[in-house]
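Accompanying notes for the structure given below.
Chain letters run A, B, ... following the sequence lines, proteins first and then strands; every chain starts at 1. Only this structure's heavy atoms are used, side chains among them; waters, hydrogens and symmetry mates stay out.
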Number of protein chains: 2
Amino acid sequence: MRGDSETTPDECAVEIAMEVLGGRWKLAILKRLLTGTHRFGELKRAMPGITQRMLTRQLREMETDGLVVREVYREVPPKVEYSLTETGRSLERIADLLDDWGRWYRERHRPEALGGPADPVTSP
Amino acid sequence: MRGDSETTPDECAVEIAMEVLGGRWKLAILKRLLTGTHRFGELKRAMPGITQRMLTRQLREMETDGLVVREVYREVPPKVEYSLTETGRSLERIADLLDDWGRWYRERHRPEALGGPADPVTSP
DNA sequence: CAGTATCCGGAAAGATACTG
DNA sequence: CAGTATCTTTCCGGATACTG
């Protein structure tokens with residue numbers, strides 16, 4: 001997804017968005033950072049499924065893409081804080097909608113993936 | 001992305017959405033189908049970049065995920081039409097937002113990818 | 001026309017171990 | 001604490017050829 005740089009003239013811009021948001025963890029990280037600045041370890045603890053290597057890579061890509069700011073405090077022990085840029089925060093609505101939609105979809109199409117089914121919803 | 005079936009209890013639902021919308025072509029196809037029912041060949045012609053194999057695969061996955069309906073007319077020559085389900089149409093707003101955001105992001109962060117830069121926007 | 005059938009390269013993702 | 005460094009696995013996406 002990243003690095004194709006083909007950008008055919010008639011492609012619709014969702015592909016640009018998917019280049020930036022694609023991957024398994026970007027949006028999850030973004031949602032975390034929407035609650036405020038976080039340290040690397042905090043993010044890691046908050047997302048048990050991700051490996052250190054993946055978290056580092058995703059954060060660096062998001063930094064390159066202008067979504068997050070990485071601030072290094074030259075202390076011992078080291079401390080690095082991540083926060084969203086304005087561009088990153090501009091995704092809040094989309095991230096929320098995707099989250100809502102995902103929840104709704106899971107209820108509607110994957111009821112087995114639920115621990116205790118809540119009250120069913122009929123539109124997202 | 002597909003087939004992990006892990007779904008850790010505390011994962012946020014954006015991952016569900018990304019499972020369904022992920023991949024390079026899903027949203028582009030969805031946007032096409034939002035304009036109405038289309039035949040396989042129409043979709044293929046409308047998206048010069050995609051291969052037959054990919055188009056078939058993406059459409060089948062979207063069918064499995066409950067986003068599209070595939071209707072086969074037993075004629076000669078064969079005719080197959082694809083349209084969106086209600087679930088598929090429920091993504092319209094999100095697809096539009098992603099498209100808008102992608103356009104805005106490209107202007108703001110990748111001006112070199114534009115033929116003739118339009119009037120700059122300051123918020124998505 | 002609308003697909004399958006094969007084969008393939010490379011990126012994405014993960015496991016594990018080590019370090020300033 | 002916050003990373004690198006390797007190694008391995010998975011699988012996405014594409015090229016090409018063939019078919020009911």
Side-chain angles (χ1 to χ4, degrees), chain A residues 1-8 11 14-15 18-29 32-33 37-65 68-83, chain B residues 1-8 11 14-15 18-29 32-33 37-65 68-83:
Chain A
M1 219 158 249
R2 171 168 309 277
D4 64 340
S5 74
E6 203 193 338
T7 37
T8 39
E11 80 172 342
V14 290
E15 295 197 22
M18 292 307 279
E19 273 182 39
V20 175
L21 300 179
R24 183 162 177 189
W25 304 103
K26 295 258 179 83
L27 275 166
I29 294 170
R32 271 280 145 192
L33 290 179
T37 299
H38 288 280
R39 299 185 55 171
F40 183 86
E42 290 174 346
L43 291 172
K44 183 160 157 43
R45 247 172 287 115
M47 310 169 60
I50 197 172
T51 60
Q52 269 190 347
R53 180 178 175 275
M54 269 301 124
L55 183 54
T56 303
R57 289 176 57 134
Q58 304 293 301
L59 283 168
R60 292 296 161 84
E61 283 189 9
M62 293 170 80
E63 188 190 8
T64 299
D65 289 336
V68 311
V69 170
R70 176 170 178 266
E71 190 157 12
V72 183
Y73 296 82
R74 286 219 136 284
E75 308 171 349
V76 183
K79 172 178 165 186
V80 181
E81 285 187 341
Y82 293 90
S83 54
Chain B
M1 219 156 253
R2 174 168 307 277
D4 63 338
S5 75
E6 201 194 340
T7 38
T8 38
E11 81 173 340
V14 289
E15 295 196 24
M18 292 308 278
E19 273 181 40
V20 174
L21 300 179
R24 182 163 177 187
W25 304 104
K26 296 260 178 80
L27 274 166
I29 294 171
R32 272 279 145 191
L33 290 179
T37 299
H38 288 280
R39 298 185 55 171
F40 184 85
E42 290 173 347
L43 291 172
K44 183 161 157 40
R45 249 173 286 114
M47 310 169 61
I50 197 171
T51 60
Q52 268 192 349
R53 180 179 175 273
M54 269 300 124
L55 183 53
T56 303
R57 289 174 55 137
Q58 304 293 300
L59 282 167
R60 293 294 161 83
E61 283 188 9
M62 292 170 80
E63 189 190 7
T64 299
D65 290 337
V68 311
V69 170
R70 176 170 179 264
E71 191 158 10
V72 182
Y73 296 82
R74 284 218 136 285
E75 307 171 353
V76 182
K79 172 177 164 187
V80 182
E81 286 187 339
Y82 293 91
S83 54

Protein-nucleotides 2-5 of chain C N/O pairs closer than 3.5 Å?
unit_1	atom_1	unit_2	atom_2	d
C/dA2	OP1	B/Arg39	NE	2.8
C/dA2	OP1	B/Arg39	NH2	2.7
C/dA2	OP2	B/Gly41	N	2.9
C/dG3	OP1	B/Arg60	NH2	2.9
C/dG3	OP1	B/Arg70	NE	3.4
C/dG3	OP1	B/Arg70	NH2	2.6
C/dG3	OP2	B/Tyr82	OH	2.7
C/dG3	N7	B/Gln52	OE1	2.6
C/dG3	N7	B/Gln52	NE2	3.4
C/dG3	O6	B/Gln52	OE1	3.2
C/dT4	OP1	B/Arg60	NH1	2.5
C/dT4	OP1	B/Arg60	NH2	3.3

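- The two atoms that bring B/Val68 and B/Leu59 nearest to each other are CG2-O, 3.7 Å, heavy atoms only.
- In terms of heavy atoms, A/Lys26 sits closest to A/Glu19 at NZ-O, 4.3 Å.
- Counting all heavy atoms, side chain and backbone alike, A/Val14 lies closest to B/Ala28 at CG2-N, 4.3 Å.
- Rounding to whole angstrom units, NZ of residue A/Lys26 and P of C/dA13 are separated by 8 Å.
- Going from atom CD1 of A/Ile29 over to atom P of C/dA13 covers 11 Å, rounded to whole Å.
- Evaluation of the side-chain hydrogen bond (donor to acceptor under 3.5 Å, both in side chains) rule for A/Glu81 yields A/Tyr73 as partners, not counting sequence neighbours.
- Separating the CG atom in B/Leu21 from the CE atom in B/Met62 is a distance of 8.0 Å, to the nearest 0.5 Å.
- One atom, CZ of B/Arg24, and another, C1' of D/dC11, lie 16 Å apart when rounded to the nearest Å.
- Rounded to a whole Å, the CE atom of A/Met54 is 16 Å from the P atom of D/dT9.
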Donor-acceptor pairs under 3.5 Å, side chain of residues 39-55 of chain B to any protein atom, not counting sequence neighbours: which ones?
unit_1	atom_1	unit_2	atom_2	d
B/Arg39	NH2	B/Pro78	O	3.4
B/Glu42	OE1	B/His38	ND1	3.1
B/Glu42	OE1	B/Arg39	N	2.9
B/Thr51	OG1	B/Met54	N	3.2

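- Atom P of nucleotide D/dG14 and atom CE of B/Met47 are separated by 10 Å, given to the nearest angstrom.
- Not counting sequence neighbours, the partners of B/Val72 by the side-chain contact (heavy atoms from CB on, under 4.5 Å) test are B/Arg70, B/Val80.
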Verdict with supporting geometry, B/Met18 and A/Arg24, side chain to side chain contact (heavy atoms under 4.5 Å, CB included): CA-CA 8 Å; B/Met18 292 308 278; A/Arg24 183 162 177 189; over 6 Å; no

Watson-Crick and G-U pairing of DNA chain C written in dot-bracket, each distance under 3.5 angstrom, with | for inter-strand partners: ||||||||||||||||||||

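- Atom CD in B/Glu75 sits roughly 13 Å away from atom P in C/dC1 (whole-Å rounding).
- What separates CZ of A/Arg57 from P of C/dA12 is a distance of 7 Å, to the nearest Å.
- For the pair A/Glu61 CD and C/dA13 P, the interatomic distance rounds to 8 Å; values are reported in whole Å.
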